[in-house]
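Residue numbers begin at 1 in each chain, while the letters A, B, ... track the order of the sequences.
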Amino acid sequence: YSGDKTPASGTPEKIVVQAPLAPPTAPLFKMAGEVLPDGTPLEIIFYKSVEEATTRVVKGEADFSVLPVNVAAKLYNKGVDISLANVSTWGILYLVSLESDVREWTDLRGEELYVGARGSTPDVLTQYFLSRSGLKDGEAHLTYLDSPEIARMMINGLVKNAVLPEPMLTQVLMNHKEARVIRDFYSDWQQYEGDSTALPQAGMVVLNQFARNYPGTISEFHRAYAGALDWTVANPAEAAPLVEASASIPAPVFVQSMERTRLRFVPGSKARADVDVYLSRLLDFSPEMVGGKLPDEKFYLSD
Amino acid sequence: MTVVIKFENVHKTLGPTRVLEGFSFQAEKGKIMCLVGPSGCGKTTILQLLAGLELPDAGQITGTEGLKVSYVFQEPRLLLWKTVAGNMDFVLRDAISPARRQELIAKYLSLMGLYEYRDSYPKALSGGMKQRLALCRALAFPHDLLLLDEPLKSLDMPLRLGLVRQLTNMWRENPCTMVFVTHDIMEALLLGHRVVVLSARPATLLDTVDLNLPFEQRNIGREPLPSHYERMLSLLEAESMKSLPYL
Amino acid sequence: MTVVIKFENVHKTLGPTRVLEGFSFQAEKGKIMCLVGPSGCGKTTILQLLAGLELPDAGQITGTEGLKVSYVFQEPRLLLWKTVAGNMDFVLRDAISPARRQELIAKYLSLMGLYEYRDSYPKALSGGMKQRLALCRALAFPHDLLLLDEPLKSLDMPLRLGLVRQLTNMWRENPCTMVFVTHDIMEALLLGHRVVVLSARPATLLDTVDLNLPFEQRNIGREPLPSHYERMLSLLEAESMKSLPYL
Amino acid sequence: MKNSISLTRGLLPLFGLAAFIAFWQLISGFYSHVVVPSPAEVAQTLWTLAAGGELWEQSRHSILRGLLGFCLAVAAGTPLGLLIGLNPVAASLLRPLVVVLQVTPLISWLLLAMIWIGFSRVPVFVVFVTTVPLIVINTYQGVKSIDRQLLQVAQIYRISKPRVIREIYLPQVAPYLLAGVSNALGVTWKAVAMAEFLSVQQGIGAGMAVARINLETAALFAWTLFLIGLGLVTDRLLACVTHHKLKHWM
Amino acid sequence: MKNSISLTRGLLPLFGLAAFIAFWQLISGFYSHVVVPSPAEVAQTLWTLAAGGELWEQSRHSILRGLLGFCLAVAAGTPLGLLIGLNPVAASLLRPLVVVLQVTPLISWLLLAMIWIGFSRVPVFVVFVTTVPLIVINTYQGVKSIDRQLLQVAQIYRISKPRVIREIYLPQVAPYLLAGVSNALGVTWKAVAMAEFLSVQQGIGAGMAVARINLETAALFAWTLFLIGLGLVTDRLLACVTHHKLKHWM
Ligand SMILES: Nc1ncnc2c1ncn2[C@@H]1O[C@H](COP(=O)(O)OP(=O)(O)OP(=O)(O)O)[C@@H](O)[C@H]1O
Ligand SMILES: Nc1ncnc2c1ncn2[C@@H]1O[C@H](COP(=O)(O)OP(=O)(O)OP(=O)(O)O)[C@@H](O)[C@H]1O
Ligand SMILES: [Mg+2]
Ligand SMILES: [Mg+2]
């Protein structure tokens, strides 16, 4: 007996999902209007900061949380009772430049490159690619700032080179004619790590207690989520009004950004190989980013 | 029970200034004691010690224990944010029942010619009116020991004479101990059972006069007042010469 | 050039109080004018008008244009954050050259017996000492018109007499216009070329006396001072009776 | 005469405003509207927000939270300031606490606040924590600057301690407290927006967060403008109320 | 006697501190150390930071920026407050400006500040913008509460306007200004950390940003602790300096 009071076969009163205001959230907008086939209502919370998200996880206030994969690993390694339910976002980072002579990572030698928050995944991946392409530490000057500010400064021409996620990238491309995508992090990853590995950036974690109590609901939810995700990818134009209404992302921006947003539903258990590669790279770079070690197999929610 | 208030060998230093050095004196309880002395000799300091607002550095002050004190400070010290009546009410609130309080306030304000200003704030009062209000406040408050530091300054002559008379009447009704500091020797002689002349700092007793003449028989022109007046004035003059030779 | 300072039909209301109503009077320039009157009659208001610190609501004040004014206010109004010497220096700085300033400060402070306190802050002064400092400040400042609002209050008798003498000496050296407000009728008679007795509010002139007796011949006991004194006192008494019938 | 002067004075801020808007218009010409939107654009966005009801819907939350936090801060800060000013033991224990409140960045509080106080109350907490030191320190300084002569009066006439505090200390602390309150009220709107920005679903700050992520600078500015309006209104209200209270004796 | 009392008083805050740490230890038992690390853990992190030189390396920047912004705010805020207090025309033009500074959230300033003032000076700007209203409003309130009697003295003795301001206004405004400065100094450290957090590479705030991304709550707390220490030290310094200045006449 696990000590949980609720019987293992019942259904929860509702499912609480928290997600950032970003592309991986898009499928959830479709689900928000509906209920799961078993009638369980869905509550979606948009979080604004990682603290907010982790606090909810720690307090057990969100059953599912969309988080960067490394943050999920970090929480797991620090003893929070969660597992990775699925991975949905595979590369939404791009190197953008306003300068016509920048085509490669190596062209950034001596240039200033703006990257979202220091120590975050974009930062580490950028440094990884820079070093893999032969630049030494400090040869490209990394400057840190939050993505919305980078995007706005770039639109005004004050930032020449930047690493940006979607949908900021689309905003920049739409608002500045000279802006061009130089590198796609996903392809670069495959270039260095092999074609068979993908770049798992964000996914969903589930509270283990919830998973134990309602195994049925989890699969229901997964099925619905996977469906919504596929639908969104297939019909961005139809999803756009939903997104505009819920997250104020302008519809054209959303539609265009979906061209560069790789959403694909992969259950946690199936994503382990990719995640392991990804996390071990991060681990080499800075152990704090993943919580000091690679998570063991319990991290991945079994089917 | 002690019948005197006594300073025994009191020392008091304020900042760098040694104000009292081995000062001793006594005031009979239930009598009016007037202090006269050159400016800066320590009169205010003596009143502060009597009131318990300052403590002696050495020596003893006895006989003031448990006395209810009223004090007219050298400055009016009014509460600027309260009206004239409000300033009276402030000191009387905890001491006197509400009904009687209103009556008492009206009585004393009328006495001092301030009744029509009862709802004015202190900033609208003239210097003399502030002084009268301060006096009002002290007189209305129930007391055993009344300390008065130049209570009649900034008041015109008839008012002062009237108030001296008023103070003697009040004392007759309720013979409390009064210590009255003044620079007007005649005022002191008209009011005091005992008049003390202090020397310049550090204060010592230059002259002590006990007057047994009843109040109603005291008169500016009537002996022995004029001779006391002359003597005291010349004593003070001699003191003045020491510290202010250029005048 | 005008030789008088003149109030013509001056009206002044402060808050709800009509202090002056059609008040007229004149003071000869280069003479000492003393004002006596019941407390609250408007003496301070008259000085404020003379100083230009208040403006009349109606009527005219002439003859004060371009005069350099010194004013001893009814309160000492010292700068608490400056020492005794600093308070003097404060008013003299722009008026007098540095070398002469030190000398002047030392001279006046010694005169008033404050020299040894030159580095003390006002909080360490007694009431009379503050008053003396305020007087010092006004006397040292170069002036054509000297306004004095009870400048000798809180001072002992010999000091007052000495200062009255001092003021006459100073006037002889530099015959400025003085307007001297006091509650001590004798002081007024000893000092003034003209003494004016004011009625209760609204102020009118009850009595005006011009004294031609030279200062050195004036004496408390010498006629015509005592008879003026008696008359003025009874005038004031009658005024007092009106507003303060209970005393 | 008097009327025309006060009229000119009333119009002056309007001239100032006009000059500011002209300047802004000029500046906005130099930058992309994603960086500096034009005044017209911002005004239109503000109008859209207002017309759609979102302005009121969101700001209602913020105003309530702000006022609640502010009132709590005044209610707690005034006695605390008095206590620190009056009691040296309390001072040595509580002064460091005030410094902690002043110095600890929002981001450090956020973690704890979210756990202990719950998400929805974080803005109230943040407003409280940001404004309470303003009230405490000003009250404290007011107590330190009190007229000791009046305390002697109270001592002589045996006024009870609570009355001394109410009738001697408070009126003299009032102008200090007023400065503190004036500061606190201004900061309140900023603090509530910042807290909502970081942690909450509804409110002005939440609106700003969405606008920022979507690079809708005009909306960001519109919200800011609304906050400024809120600040100006409360500033005026405070000035009126206190002028009315203090004019008699000051 | 006296000595033993002042000793007890000196020890009191230590007892307070001990109680606080005990409480913290207790709390940390209830939560994951991602949320509330234990005191020991934080102390050790702080030690590591200090020993590795990072503490000094980062805080050097923050302290310089903070002090610069703070000094600028005092230097600009005092005359501005005097001006607003003395001149009704200036008041009606500049008071709204002060409200704008008070109310506008950091995030609205950020981009403009970076464009106009340059990246590295943003923290100085933020400190300035956050603290200058504190100085202005307190100075203003001080001017309003001035003793009008002394102004008459100055008028009679024809003291020049600049001297009146220096020798009559400033000493009376001093306790108000002191409250403002005390508040501003506390807020300085928070503001500089926040600004660095959002915009700059080095400094305490940058350290906190990294700690936050990595969910290293212990490091976040360690930095916070360091800020608090900084705040306490500057608070004490200010108290000593001003006590020394004002003790003569207050
Ligand atoms: N707070 C203080 N600090 C330092 N010295 C003080 C203080 N108060 C008074 N003194 C000094 O003590 C002496 C006596 O002061 P006190 O006020 O008792 O005089 P006083 O007799 O009342 O004079 P006056 O008639 O002028 O009021 C004076 O020389 C004064 O300078
Ligand atoms: N600021 C003010 N607001 C309202 N009324 C005032 C103000 N100043 C003075 N008064 C009133 O004006 C009248 C005259 O005041 P003033 O100060 O001129 O009297 P005074 O002759 O100097 O009296 P005293 O001898 O008591 O100093 C008084 O009745 C007083 O109440
Ligand atoms: Mg005295
Ligand atoms: Mg007067």
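- Listed by chain and number, the residues in a side-chain contact (heavy atoms from CB on, under 4.5 Å) with B/E173 amount to none (sequence neighbours excluded).
- When heavy atoms are compared at a cutoff of 4.5 Å, B/M112 approaches chain C solely by way of its backbone atoms N, CA, C and O.
- For the atom pair B/S154 OG and C/K43 NZ, the distance stands at 9.0 Å (nearest 0.5 Å).
- For the atom pair CD of B/E75 and CD of C/E75, the computed distance is 12.0 Å after rounding to the nearest 0.5 Å.
- With rounding to the nearest 0.5 angstrom, the CG atom of B/D156 is 9.5 Å from the CG atom of C/L233.
- Put simply, CE on C/M157 and CE on B/M232 are 12.0 Å apart, with the number rounded to the nearest 0.5 Å.
- Among the candidates B/P38, B/G42, B/C41, the residue making the largest number of heavy-atom pairs closer than 4.5 Å to chain C is B/P38.
- Proximity to chain B (any heavy atom under 4.5 Å) is shown, for C/T45, by neither the backbone nor the side chain.
- Using a 4.5 Å cut-off between heavy atoms, B/F73 makes no contact with chain C at all.
- Among residues 234-242 of chain C, the residues having any heavy atom closer than 4.5 Å to a heavy atom of chain B are, in sequence order, C/L236, C/E237, C/S240.
- Among the candidates C/P158, C/S126, C/G162, the residue making the largest number of heavy-atom pairs closer than 4.5 Å to chain B is C/P158.
- For chain C, no part of B/Y115 is nearby; none of its heavy atoms comes within less than 4.5 Å.
- Ranking B/E150, B/K153, B/Q166 against chain C, the residue ahead of the rest is B/E150, based on heavy-atom pairs under 4.5 Å.
- Neither the backbone nor the side chain of C/Q131 comes within less than 4.5 Å of any heavy atom of chain B.
- Other residues, nucleotides and ligands contribute only 12 or fewer heavy atoms inside 6.0 Å of the CZ atom of B/R100.
- Heavy-atom neighbours of chain C within the stretch residues 183-191 of chain B, taken at a separation under 4.5 angstrom, comprise B/H183, B/D184, B/I185.
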* Step-by-step side chain to side chain contact (heavy atoms under 4.5 Å, CB included) determination, B/L159 to C/S39 -> CA-CA 8 Å; B/L159 235 169; C/S39 169; 4.0 Å; yes
Table please: side-chain donor-acceptor pairs of residues 102-110 of chain B below 3.5 Å, with sequence neighbours left out.
from: B/S110; atom 1: OG; to: B/A106; atom 2: O; distance (Å): 2.6

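- In this structure, the portions of B/L155 lying under 4.5 Å from any heavy atom of chain C include both its backbone and its side chain.
- For C/L14, no part lies near chain B; criterion is any non-hydrogen pair under 4.5 Å.
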